[in-house]
Amino acid sequence: MLKLPNWSGVMWGSLLLVSGFLLMAGGLSCAGNHESVVLLWEGFSQICHPLGFCLLVDSESCFFGSTVCLIAGSVMLFSVYYMSSEKFFYRFVGIILVFVSSMVLLIFSPGLLSVFIGWDGLGVTSFLLVIYFFSDKSLNAGLLTLLTNRLGDIFLLLSVSVAWGSFGAELSSLEGSGFSLGGVWLLGIFAASLTKSAQVPFSAWLPAAMAAPTPVSALVHSSTLVTAGLYLLIRFSSGLSNSEFWSWGLFISSCTLVMASFSSLVEYDMKKIVALSTLSQLGLMGMAVSMQSMSGAFFHLIMHAYFKALLFMIMGYWIHQCSGYQDLRISSISSQEFNLSSTLTLLALSSLSGVPFLSGFISKDYLLESSSMLSSVSSVSGLLMVVGCMLTVMYSGRLLTSLLGFKWSGEPVCNWSENSWAFWSSLLVLSMLSLVGGWWLSGYLSPLGSVLLIPKEIKFVFSMIVLGGMILSWGLCRWESSLTGSLGLLGSLWGLSFLSFPSLAKSALYVGMSSREVEDLWLPLMSSGWVQASFGEFSSSIGSSSMKNYSLFSNLPILGLSTFSGFCWFYTGQFTL
């Protein structure tokens, strides 16, 4: 029988799943009617210049919001099974809900200032989720994740500041807003998207963040945090007119695709292999965005979220059943008791590889075809996209053969059974969407159900990707021992792990410690002033001068002022549809 905290996970998971289906229905309605709705709340409208908060409800925001809610609900149900013995399950559920709320705010916000609020919430909550386990490895990974994403936060804040200083308002992604971005604004959005989506040279934090619990990886590294940067570029693509940045983006995304694909071929940690596959798919979608094939990139972003979350949860199931072992060389799942689990593993990896008629095939095929028809694509870029898709089939086949016990001589798991209803209910929605979601949603996610006229030669090349990748995967499994040295030079993240943590993290921490004394001087004077001084004198007079109480009560005036301002903004506001 489930404990009370676990039932809270079931309740919130069911609520998120219902919200996801409602948002999907809204997205189908908006796409079918070709309409969108803007909700505007203007605070302080009765006493001074109004301060507005806007929400944009259209097909893109509804479909992406539906994806986030469906995956979050599935992950919450999966957590009931995976973290059944967790002592602080309420804390875990609370952080997940704040994370999902921040992502939903980012998705439905058309303005750059409101996007930044959700963007910053993602950064803070992702740090708390990565360091959830109390270990040095988790702390190091969390610091690397936080400091790398903070660079993007700085650039995005710079764009917001420059926009307010130039226009007196925030940049908007609404059609007809008239904003054309260039210079500092474009640089800020572009750099922020690079750090959030873990593009080169900011790629090291994504594999390191696998120190988080597997349910966190299934949510954060499939459809939310790592895709926020690409979603930002897609949203503001109408104002991004500088072609030089698109050229740089194409080069960086190509490097990310090749680097992550080759790194997956030499990795033995099953969770890191899935994380590197996410990184390679982000590089593929980044190339499509840089070629300005926004519809293809968005379609593959949605479908990739479904089967990648399913794959993360399946990997978590095998890790759980193998008593925590993640190394492919010492564990395998070749057992007659895991028929359904092996089938779902095959489904997720097949969809990732692009096996025909699955969701991954439909979205990836549309992405490649729509990109190939653009005049901006070169032969080198098209070749790299094809090579990246073939490498995807290679490392997917390597992972599958290793898990099924055809490659290593690890001990098979034979003393477990598939008897968790919470686990199977969490996989039901994602497995169905990975199977038929591309066929069902292709007419709505592609613009107006457009039909691409592709030459037979290009169509033949795209059709041979899976077959060529399977042949190369067979060759890799057969002669991996002799190819390890050559592939090792191309893998291992090209040394970005060493450049990121010892250089970036330590220098940032050193600067932070050096500036702490300066902040202790001016920050109390600027924030609370005489209130803090009065409290310090009062504490000394009663013999209680603990720094903990001082720090607690000195921030009460700021908290009270913020609460009062928010109440006034809401009470004096006006709603507009």
Side-chain angles (χ1 to χ4, degrees), residues 72 75 79 82-83 86-103 106 118-157 192 194-199 201-229 260 267 269-276 278-279 282 312 315-316 319 324 326 493 496-513 515-516:
V75 166
S79 302
Y82 192 83
M83 306 184 72
E86 174 61 37
K87 183 178 180 181
F88 303 104
F89 192 76
Y90 280 132
R91 179 193 302 171
F92 178 79
V93 171
I95 300 175
I96 289 289
L97 292 177
V98 174
F99 181 86
V100 173
S101 301
S102 300
M103 189 65 194
L106 186 148
W119 186 279
D120 205 42
L122 286 178
V124 174
T125 51
S126 63
F127 171 71
L128 296 177
L129 290 171
V130 172
I131 65 169
Y132 188 81
F133 291 142
F134 294 98
S135 64
D136 292 338
K137 182 180 179 181
S138 299
L139 180 59
N140 293 336
L143 287 175
L144 179 58
T145 302
L146 179 66
L147 294 175
T148 305
N149 284 279
R150 271 304 172 193
L151 293 176
D153 297 346
I154 293 172
F155 283 108
L156 189 61
L157 182 60
L194 290 183
T195 56
K196 218 69 164 183
S197 298
Q199 303 292 304
F202 309 107
S203 304
W205 72 265
L206 181 56
M210 292 301 104
T214 302
V216 173
S217 302
L219 175 63
V220 173
H221 304 115
S222 65
S223 61
T224 51
L225 183 67
V226 295
T227 57
E267 183 61 55
D269 189 322
M270 61 179 73
K271 276 185 67 175
K272 286 190 176 181
I273 292 175
V274 180
L276 290 170
T278 300
L279 190 56
L282 290 173
F312 264 116
M315 291 299 107
I319 293 171
Q326 299 179 203
L493 290 179
L496 292 178
S497 298
F498 175 78
L499 293 176
S500 296
F501 194 75
S503 302
L504 172 65
K506 288 186 178 180
S507 59
L509 292 175
Y510 177 77
V511 172
M513 293 176 64
S515 62
R516 181 177 180 181

Gap separating the [atom1] atom of [X] from the [atom2] atom of [Y], nearest 0.5 angstrom:
{"X": "S126", "Y": "N149", "atom1": "OG", "atom2": "CG", "value": "6.0 Å"}
{"X": "I154", "Y": "L157", "atom1": "CD1", "atom2": "CG", "value": "8.5 Å"}
{"X": "L225", "Y": "L122", "atom1": "CG", "atom2": "CG", "value": "6.0 Å"}
{"X": "I131", "Y": "N140", "atom1": "CD1", "atom2": "CG", "value": "11.5 Å"}
{"X": "L143", "Y": "T148", "atom1": "CG", "atom2": "OG1", "value": "10.0 Å"}
{"X": "K196", "Y": "T227", "atom1": "NZ", "atom2": "OG1", "value": "11.0 Å"}

Heavy-atom closest contact ([X] atom, [Y] atom, distance):
{"X": "G229", "Y": "S197", "value": "CA-OG, 3.5 Å"}
{"X": "I319", "Y": "Q326", "value": "CD1-CG, 3.5 Å"}
{"X": "A198", "Y": "L279", "value": "O-CD1, 3.0 Å"}
{"X": "L206", "Y": "A275", "value": "CD2-O, 3.8 Å"}
{"X": "V130", "Y": "S138", "value": "O-CB, 3.7 Å"}

Would you mind writing out the side-chain donor-acceptor pairs for residues 208-222 within the sub-3.5 Å range, not counting sequence neighbours?
from : atom 1 : to   : atom 2 : distance (Å)
T214 : OG1    : Y82  : OH     : 3.1
S222 : OG     : A218 : O      : 2.4

May I have the step-by-step check of side chain to side chain contact (heavy atoms under 4.5 Å, CB included) for F312 and V75, ending in yes or no?
-> CA-CA 10 Å; F312 264 116; V75 166; over 6 Å; no
With T195 via side chain to side chain donor-acceptor pair (under 3.5 Å) - residues at least two apart | none
Sequence neighbours excluded, the answer for ring pair (Phe, Tyr, Trp, His ring centres under 6.0 Å) partners of Y132 is F92
Salt bridge (charged side-chain N to carboxylate O under 4.0 Å, His left out) pairs, two or more places apart, involving residues 210-220 | none
For R150, what residues pass the salt bridge (charged side-chain N to carboxylate O under 4.0 Å, His left out) criterion, not counting sequence neighbours?
-> D120, D153
W205 vs V226 side-chain heavy atoms within contact, under 4.5 Å = yes
